[in-house]
Amino acid sequence: MDSIKIKSIIESILFTMGEAVEADRLAEVLETDKKHVKKIMDEMISEYSGQDRGMRIIEIDGSYQMCTSPGTYDYLIKLVKIPKNHKLTDVQLETLSIIAYKQPVTKVEIEKIRGVQSDHAVNRLVEAGLIEEKGRLEQPGRPVLFGTTEEFLRRFGLKNTEELPDVNVEKIEAFKIEAEQELGYINDEPSEGTAGEAASVSVNNTAGE
């Protein structure tokens with residue numbers, strides 16, 4: 001195997017692993033000896049350092065790792081500071097609307113309305129900064145109470161939660177029935193599947209879409 005092919009393989013390994021890889025492991029994968037691997041790695045380290053590239057290869061106690069070039073740090077920091085554009089799924093919108101209208105509300109109460117487990121949806125909404133812990137219920141287990149955040153108001157163009165449109169109780173009931181039907185379709189296995197449009201319509205209308 002020529003050196004160009006070996007370098008290509010090593011580059012792929014280091015990029016995929018994302019952590020330091022021992023020279024012994026590289027030698028085993030490449031079916032060659034450790035001395036040959038070290039020679040190739042020295043060449044690659046020199047090549048990466050001598051070029052204006054965003055990546056570098058460094059040696060750490062006989063292991064090798066691909067990392068970002070110091071010259072790119074400022075740009076990486078800027079990227080991290082840019083707010084993520086969280087695109088909400090129908091299930092997340094449905095869960096969010098329940099929390100918006102019933103807050104403060106526990107996850108158990110959310111699941112009673114939806115008829116299915118909502119762990120994933122709630123966790124994603126917390127990550128998106130749209131809901132947060134508002135306290136704990138004074139009962140066994142002290143379940144967390146969830147409510148909407150200022151980011152929720154900004155995202156949907158509201159001054160406060162009092163500006164939420166009136167909710168149709170019949171739609172909520174229909175939504176619950178659809179969620180229960182959905183649960184039956186998957187043989188009683190917990191699911192985050194789409195349960196209907198009733199609650200999501202309320203939030204979408206609020207967003208002015």
Checklist entry - Around E47, counting heavy atoms of other residues, nucleotides and ligands shown, do more than 12 lie under 6.0 Å from its CD? => result yes
- Taking side chain as C-beta onward, heavy atoms only, is L125 less than 4.5 Å from F152? no
Sorted by chain and residue number, the side-chain contact (heavy atoms from CB on, under 4.5 Å) partners of K5 (sequence neighbours excluded) come out as M1, D2, I9
Cluster link I110 to V108, ILVMFWY, side chain under 4.5 Å
no
Residues pairing under salt bridge (Lys or Arg N to Asp or Glu O under 4.0 Å) where one sits in residues 51-62, two or more places apart or in two chains, turn out to be E11-R53
Hits for salt bridge (Lys or Arg N to Asp or Glu O under 4.0 Å) against R136, two or more places apart or cross-chain, chain-then-number order -> E133
Exercise for the section: For the residue pair I113 and V105, establish whether any side-chain heavy-atom pair is separated by less than 4.5 Å. Expected result: no
Sequence neighbours excluded, the answer for side-chain contact (heavy atoms from CB on, under 4.5 Å) partners of T72 is T68, S69, L76
Checklist entry - Would you say F156 and L164 make side-chain contact, with heavy atoms under 4.5 Å? => result no
Can you find a heavy atom in the side chain of L14 that is under 4.5 Å from one in the side chain of M41? yes
N/O donor-acceptor pair under 3.5 Å between T149 side chain and G129 backbone
yes
Here the gap from I6 atom CD1 to M44 atom CE, rounded to the nearest 0.5 Å, amounts to 10.5 Å
The remaining residues in the hydrophobic cluster of I60, counting side-chain heavy-atom contacts under 4.5 Å among Ile, Leu, Val, Met, Phe, Trp and Tyr, are I58
Apart from I4 itself, members of its ILVMFWY cluster (side-chain separation under 4.5 Å) are none
For I99 and G147 the tightest heavy-atom approach is CG2-CA, 3.9 Å
Given the rule in the salt bridge (Lys or Arg N to Asp or Glu O under 4.0 Å) test, do E151 and R154 qualify, once you have shown the distances and angles that lead to the verdict?
CA-CA 5 Å; E151 176 60 25; R154 284 192 292 271; 3.2 Å; yes
- Task: Find out whether I10 and L30 are in side-chain contact, i.e. whether some heavy atom of one side chain is under 4.5 Å from a heavy atom of the other.
- Result: yes
The side-chain contact (heavy atoms from CB on, under 4.5 Å) partners of D74 (sequence neighbours excluded) come to none
The side-chain contact (heavy atoms from CB on, under 4.5 Å) partners of L137 (sequence neighbours excluded) come to T106, Q139, P143, L145
Residues at least two apart in sequence or cross-chain that pass salt bridge (Lys or Arg N to Asp or Glu O under 4.0 Å) with E111, listed by chain then number, are K107
Closest non-hydrogen atoms of R114 and S118, given as atom of the first, atom of the second and distance, are NH1-OG, 3.2 Å
The reported gap from OG in S12 to CE in M66 (rounded to nearest 0.5 angstrom) is 8.5 Å
Check: Would you call R124 and E127 a salt bridge, taking side-chain N to carboxylate O under 4.0 Å as the test?
Finding: yes
d(T95 OG1, L88 CG) to nearest 0.5 Å is 10.0 Å
Path from M17 to F15 over hydrophobic side-chain contacts below 4.5 Å:
yes
ask   = Within the distance-only criterion (no hydrogens, no angle test), does the side chain of E163 pair as donor or acceptor with the backbone N or O of K159 below 3.5 angstrom?
value = yes
- Sub-4.5 Å side-chain heavy-atom contact between T32 and L26: no
Residues 18-30 vs salt bridge (Lys or Arg N to Asp or Glu O under 4.0 Å), sequence neighbours excluded, gives E22-R25, D24-K34
For T89, the side-chain hydrogen bond (donor to acceptor under 3.5 Å, both in side chains) test, sequence neighbours excluded, returns none
By side-chain hydrogen bond (donor to acceptor under 3.5 Å, both in side chains), E43 pairs with (sequence neighbours left out) K7, K39
